[in-house]
Q: 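If you scroll down you'll find the structure; I have some questions about it.
Hydrogens, waters and symmetry mates play no part in the numbers below; they use all other heavy atoms, side chains included. Everything quoted here is computed from the prediction, not taken from an experiment.
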Amino acid sequence: MASGDIQEHTRDLSESSELNLLDLLSNTLVLQQTVPYLPPSALLSIAATSKQFRKLFLKTPGVFRHLDLTCVKTAQFNIAPIDNGGETWRNVQLDENLTEDDFYSGPLRGIAHNLQRGGILKDVHTLVLDGLSVTAELVHDILVDPSYNVRILSIREAKNLNERKLMQSLSYACRRTRPDGSPKLRGLYVFGKRDMPASALASTRTPSAASTPSVRSSEIGINWNRKSSNTLYAGLCTEQDDWYEKRGRIISSPIAHGWAKILLECRDAICFDAVLCTGPRHANSAAYGRVPVSPVPGVTNPQLWNVATFAMSGCATCGSAPEGFTVYGDSATEELPLLAPVPLHSSNVKAASIPNSASSGAADAEKPRFVPRCWDCIRDRYCFSCEQWWCEACYQVPSSSELNSHTRKITRSCWECENNCLDCIAHTQRRCKSCGGGYCIIHYDGSTMTLCDWCSTRGRRIRELY
């Protein structure tokens, strides 16, 4: 065969073996691994290009298994509230029979209606509605309506959400007399913050030149702020498990009274992105009644259960906690929190609870672990600077008559600083050599290691009272 014939035969063979996008996505494995990264608008746009793509996307189960509506324009609700303290509705064209739920959940209910009409709604197993207008009645329908098959639902930072009604719906769905196999929902993200988009991460990073430490003592506070910004950016860019790898406050938003009881009632049915506090002052703790606990200031009837908002490591003295650790692999599934971000390739609660640091066959000492605590259980025990804390078995908080005792480990020396231990206070608090007053080198801009901000500023040593 001549060389020209060989080249022509090779070219024809290569052209015949080329795969187009339809052939590539027709592979079920490739399709299921690709579609979770595409927004719903992109999937519908591709489906509209040809009958083959439409049949592939709309008839293949699992294409719309993970549905994220946070970036869908028709799902946004940017209308002012319809009733502010008795004000009349400005839109006179509104139907008199229109309920508040119909108004606030209108965009999402419209999308759900279109999905049901197209036969897609039944295939949605993971539904992300973070930051959208989500009403408690809509969540109730997702819980009890047989047309929904949602296994994992995320409504973090949702708007117009009545938490009291949501608690009632969850309590009803998880009642003891509920039908077998209900509710279909197994995981609910509601306490944490919604995932930050990638575009917002770029704006968080500070210039590399700004991270250069300054030797001038007057810029210590600025350097601390830069370090905090860099730490925040590093935490947002890297996938860290909120409860297992991060320490300190995990849930920053206030938690309404009654959520702890709901978590307890839904313990065998629905998992949440938060867990109950295991401190010894609560009835669900393994150390309940075994160690003395200090009373909470201003609280006469402490709660038997409370939602944990802090993730702690071991005690700074004994390295453990009276109630023990919550350990992935050893603790029960209902004791493990759902981790952010919402899993893309699975709608299973176990997949949503697996920490990144977990590895098969790891030793007991290497298993991811943490101590879930509420604020009442670490009050006057936790240092916000070094993130150390002391458990009830190793340290008893002095009473009000012993506030000035030298045995006190945690105190608040600066109004802007949180509670800090004595070692951290020694690094941040100074006494001015000129006026003798105390000051914080972090929050007192213009201060030095020896002079406060007032005395170190020229021309202001003599205060004018007129």
Side-chain angles (χ1 to χ4, degrees), residues 5-78 105-134 138 141-142 145-155 184-185 187 194-202 341-348 351-352:
D5 296 337
I6 295 178
Q7 294 178 357
E8 183 178 358
H9 176 73
T10 304
R11 184 173 59 256
D12 295 340
L13 182 63
S14 61
E15 291 178 355
S16 61
S17 62
E18 287 182 357
L19 295 177
N20 54 32
L21 181 60
L22 180 61
D23 296 333
L24 183 64
L25 295 180
S26 296
N27 187 308
T28 305
L29 180 61
V30 176
L31 181 66
Q32 293 181 353
Q33 294 294 321
T34 303
V35 293
Y37 295 99
L38 300 177
S41 58
L43 295 178
L44 296 178
S45 298
I46 298 176
T49 56
S50 65
K51 293 182 179 180
Q52 292 82 0
F53 275 113
R54 181 178 178 82
K55 181 179 179 180
L56 175 65
F57 280 16
L58 300 185
K59 300 300 181 180
T60 303
V63 174
F64 290 91
R65 180 194 56 80
H66 183 100
L67 185 61
D68 188 352
L69 300 179
T70 56
C71 297
V72 178
K73 292 183 179 180
T74 56
Q76 306 301 319
F77 187 91
N78 299 321
S105 63
L108 292 180
R109 288 190 180 276
I111 294 177
H113 176 72
N114 294 332
L115 293 176
Q116 186 177 11
R117 186 176 57 181
I120 301 176
L121 186 62
K122 58 182 176 58
D123 296 329
V124 178
H125 292 171
T126 299
L127 184 59
V128 182
L129 306 176
D130 296 337
L132 301 178
S133 179
V134 182
L138 177 61
D141 292 344
I142 296 175
D145 193 338
S147 60
Y148 288 92
N149 291 319
V150 178
R151 302 292 192 271
I152 295 181
L153 175 64
S154 181
I155 53 175
K184 298 179 182 178
L185 185 69
R194 57 179 174 174
D195 301 330
M196 182 176 292
S199 58
L201 289 175
V342 180
L344 287 175
H345 303 290
S346 176
S347 300
N348 195 321

Q: Please report the interatomic distance CD1(Ile111) to CG(Leu129), rounded to the nearest 0.5 Å.
A: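 Atom-to-atom, Ile111:CD1 and Leu129:CG are 9.0 Å apart.
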
Q: Where do Tyr148 and Asp141 come nearest, in terms of heavy atoms and distance?
A: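 For Tyr148 versus Asp141, the nearest heavy atoms are CD1-O, 3.6 Å.
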
Q: For Asp130, what residues pass the side chain to side chain donor-acceptor pair (under 3.5 Å) criterion, not counting sequence neighbours?
A: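 Ser154, Arg156.
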
Q: Under the ring-ring contact (aromatic ring centres under 6.0 Å, His included) rule, what pairs show up with a residue in residues 31-76, not counting sequence neighbours?
A: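 Residue pairs with at least one partner in residues 31-76: Tyr37-His345.
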
Q: Evaluate the side-chain proximity of Leu22 to Ser50: yes if any heavy-atom separation is below 4.5 Å, no if none is.
A: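 No, side chains not in contact.
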
Q: With rounding to the nearest 0.5 Å, note down the distance linking NE2 in His125 to CG in Asp123.
A: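 Output value for this atom pair is 6.5 Å.
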
Q: Show your working on side-chain contact (heavy atoms from CB on, under 4.5 Å) between Leu56 and Leu31 and close with a plain yes or no.
A: CA-CA 10 Å; Leu56 175 65; Leu31 181 66; 4.2 Å; yes

Q: How many angstroms lie between atom CG of Leu108 and atom CZ of Phe77, to the nearest 0.5 angstrom?
A: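 Interatomic distance, Leu108 CG to Phe77 CZ, rounded to 0.5 Å: 10.0 Å.
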
Q: Which heavy atom in Ala75 sits nearest to a heavy atom in Leu132, and how many Å separate them?
A: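 The answer is O-CD2, 3.7 Å.
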
Q: Locate the shortest heavy-atom distance separating Pro40 from Leu69; write the atom from each residue and the value.
A: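 Closest heavy-atom pair between Pro40 and Leu69: CG-CD2, 4.4 Å.
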
Q: Between atom CG of Asn348 and atom OG1 of Thr126, what is the distance when rounded to the nearest 0.5 Å?
A: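 OG1 of Thr126 is found 9.5 Å from CG of Asn348.
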
Q: What heavy-atom pair brings Val35 and Gly62 nearest, and what distance separates the two atoms?
A: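 Looking at all heavy atoms of both residues, the closest pair is CG2-O, 4.4 Å.
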
Q: Return the minimal non-hydrogen interatomic distance between Lys184 and Pro146, and the atom names on each side.
A: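 The pair with the smallest heavy-atom distance is NZ-O, 3.4 Å.
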
Q: What's the separation between atom CG in Leu21 and atom CD in Gln52, rounded to the nearest 0.5 Å?
A: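 Leu21 atom CG to Gln52 atom CD measures 12.0 Å (nearest 0.5 Å).
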
Q: Donor-acceptor check, side chain of Asn27 to backbone of Asp23, threshold 3.5 angstrom: yes or no?
A: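 Such a contact is absent between Asn27 side chain and Asp23 backbone.
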
Q: Ignoring hydrogens and geometry, is there a side-chain-to-backbone donor-acceptor pair from Arg65 to Leu344 under 3.5 Å?
A: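 Looks like yes, one N/O pair under 3.5 Å.
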
Q: I want to check something: taking the side chain as every heavy atom from C-beta on, are Ile120 and Leu67 in contact at a cut-off of under 4.5 Å?
A: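 With C-beta onward as the side chain, the pair stays apart.
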
Q: What distance separates Ser347 OG from Arg151 CZ, expressed to the nearest 0.5 Å?
A: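 The CZ atom of Arg151 is 8.0 Å from OG of Ser347, to the nearest 0.5 Å.
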
Q: Please find the pair of heavy atoms, one from Val63 and one from Leu43, that lie closest to each other, and give the distance.
A: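 Shortest heavy-atom contact: O-CD1, 4.2 Å.
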
